[in-house]
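Heads up: the structure comes next, in structure tokens.
Since this is a predicted model, take the numbers as computed values, not measurements. Keep in mind that the numbers below use all heavy atoms, side chains included, and drop hydrogens, waters and symmetry copies. Proteins come first, then strands; the chains are lettered A, B, ... in the order of their sequence lines, and each starts at number 1.
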There are 2 protein chains.
Amino acid sequence: MTTSTDRDQQLKKLCELIADIDCGMLTTTEEDGSLHSCPMSKNGEINSDGTLWFFIYRSSHKAAEIEHNQHVNVSFSSPDQQRYISLSGTAQLVQDRNKMQEKWQPKLQTWFPQGLDEPDIALLKVNINQADYWDSRSSFKPQVINL
Amino acid sequence: MTTSTDRDQQLKKLCELIADIDCGMLTTTEEDGSLHSCPMSKNGEINSDGTLWFFIYRSSHKAAEIEHNQHVNVSFSSPDQQRYISLSGTAQLVQDRNKMQEKWQPKLQTWFPQGLDEPDIALLKVNINQADYWDSRSSFKPQVINL
């Protein structure tokens, strides 16, 4: 049985693993079954409810893929530290202006030059179900965290 | 129309993009639709036929996923250079000893301590259909290469 303390510790571990990796690769499924990934700048930590948030263009092909198939993977790679993390979960678009203001960070202007004035901006909420990670300290044996 | 010269140039570009990134994250689909990724050390360049090869454990869960659903994505991340590459394609297991000898590299002993004497070893051949990449030189606008 996973207790709330276990879960808190697992989330803490996950946050530590991705703390210094800014961009994850978000993989989604096209209607024809093909898998595509793109870099997404994370804005903030994994939340206590096991969610990770990104900003996205609402009218983008990526958003359409997610509306068609909610399964996503977000992977984080730190080649220098030989650390690799896979987050499996489901995603949904959220268009809550208050939440956007809470989540916005100035560094995101690289991707959204107009910031929160961008009319096509939306949030992507990823609900993480499982995390797998590999690092040199664990001799590259996969470690699994179920959330 | 894509000529053979265009294709050669596109492949050359792709090889340059991933040349100094050793590990890619291979994403596959579980039977329940969930997406999982794991690090894979590339052994060699992308071939002139648009294929990329990895070694894998034949009895692994990852191999079973691929036999069930051949669609894969391999992403490469170089955070230091702000360069991100997504390769979309299909994969198949290959158990050709001559090909294994051709593709084997000593660095792979991190993952396969017994080397080619490992009885459970197999090759994974990824046929790349599309590559997308992002880097600071292209202002993070996605660049697409169709193979």
Side-chain angles (χ1 to χ4, degrees), chain A residues 18 20-30 32-41 60-62 69-91 108-113 126-136 139-142 144, chain B residues 18 20-30 32-41 60-62 69-91 108-113 126-136 139-142 144:
Chain A
I18 66 169
D20 57 355
I21 312 174
D22 180 48
C23 272
M25 288 295 272
L26 172 71
T27 308
T28 48
T29 309
E30 282 250 27
D32 66 1
S34 61
L35 303 182
H36 296 266
S37 60
C38 73
M40 300 289 277
S41 183
S60 64
H61 187 68
K62 184 65 58 180
N69 184 335
Q70 293 197 317
H71 290 291
V72 300
N73 183 273
V74 189
S75 66
F76 292 91
S77 301
S78 177
D80 291 347
Q81 298 170 95
Q82 294 191 293
R83 190 196 306 146
Y84 301 93
I85 303 105
S86 159
L87 306 180
S88 301
T90 55
L108 295 168
Q109 278 190 310
T110 303
W111 312 85
F112 302 91
V126 176
N127 300 285
I128 306 166
N129 299 320
Q130 184 182 315
D132 302 79
Y133 67 94
W134 295 256
D135 64 15
S136 50
S139 303
F140 296 110
K141 295 256 182 295
V144 182
Chain B
I18 66 168
D20 58 354
I21 312 175
D22 179 50
C23 273
M25 288 295 272
L26 172 72
T27 307
T28 47
T29 308
E30 283 250 27
D32 66 1
S34 61
L35 303 181
H36 295 265
S37 58
C38 73
M40 300 290 276
S41 182
S60 64
H61 187 69
K62 184 65 59 179
N69 184 334
Q70 293 197 315
H71 291 292
V72 300
N73 183 274
V74 189
S75 67
F76 292 92
S77 302
S78 177
D80 291 347
Q81 298 170 96
Q82 294 191 294
R83 190 195 308 145
Y84 301 92
I85 302 107
S86 159
L87 307 179
S88 301
T90 54
L108 295 168
Q109 278 192 310
T110 302
W111 312 84
F112 301 91
V126 176
N127 300 284
I128 305 165
N129 299 320
Q130 183 182 315
D132 301 79
Y133 67 93
W134 295 255
D135 64 14
S136 50
S139 304
F140 296 109
K141 296 259 183 292
V144 181

Backbone N/O of A/Leu35 and side chain of B/Asn73: donor-acceptor pair under 3.5 Å: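 Side chain of B/Asn73 to backbone of A/Leu35, a donor-acceptor pair under 3.5 Å: yes, one is there.
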So what's closer than 4.5 Å to chain A heavy atoms on B/Gln130: side chain, backbone, both or neither?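 For B/Gln130, side-chain heavy atoms alone lie under 4.5 Å from chain A.
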Using heavy-atom distances under 4.5 Å, tell me whether B/Asp80 contacts chain A through its side chain, its backbone, both, or neither.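 For B/Asp80, side-chain heavy atoms alone lie under 4.5 Å from chain A.
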Side chains of A/Asn129 and A/Thr90 only: does a donor on one sit below 3.5 Å from an acceptor on the other?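 Side chains of A/Asn129 and A/Thr90: no pair found under 3.5 Å.
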For B/His36 and A/Ser86, test the side chains for any donor-to-acceptor distance below 3.5 angstrom and give the result as yes or no.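 Side chains of B/His36 and A/Ser86: no pair found under 3.5 Å.
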Name the region of A/Thr28, side chain, backbone, both or neither, that has any atom closer than 4.5 Å to a heavy atom of chain B.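 For A/Thr28, the contact with chain B is made by the backbone alone.
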So which of B/Asp22, B/Val72, B/Asp132 has the largest heavy-atom pair count under 4.5 angstrom toward chain A?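 Top count of heavy-atom pairs under 4.5 Å with chain A: B/Val72.
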Measure the CZ-SG distance between A/Phe76 and A/Cys23 for me, rounded to the nearest 0.5 Å.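 It comes to 8.5 Å.
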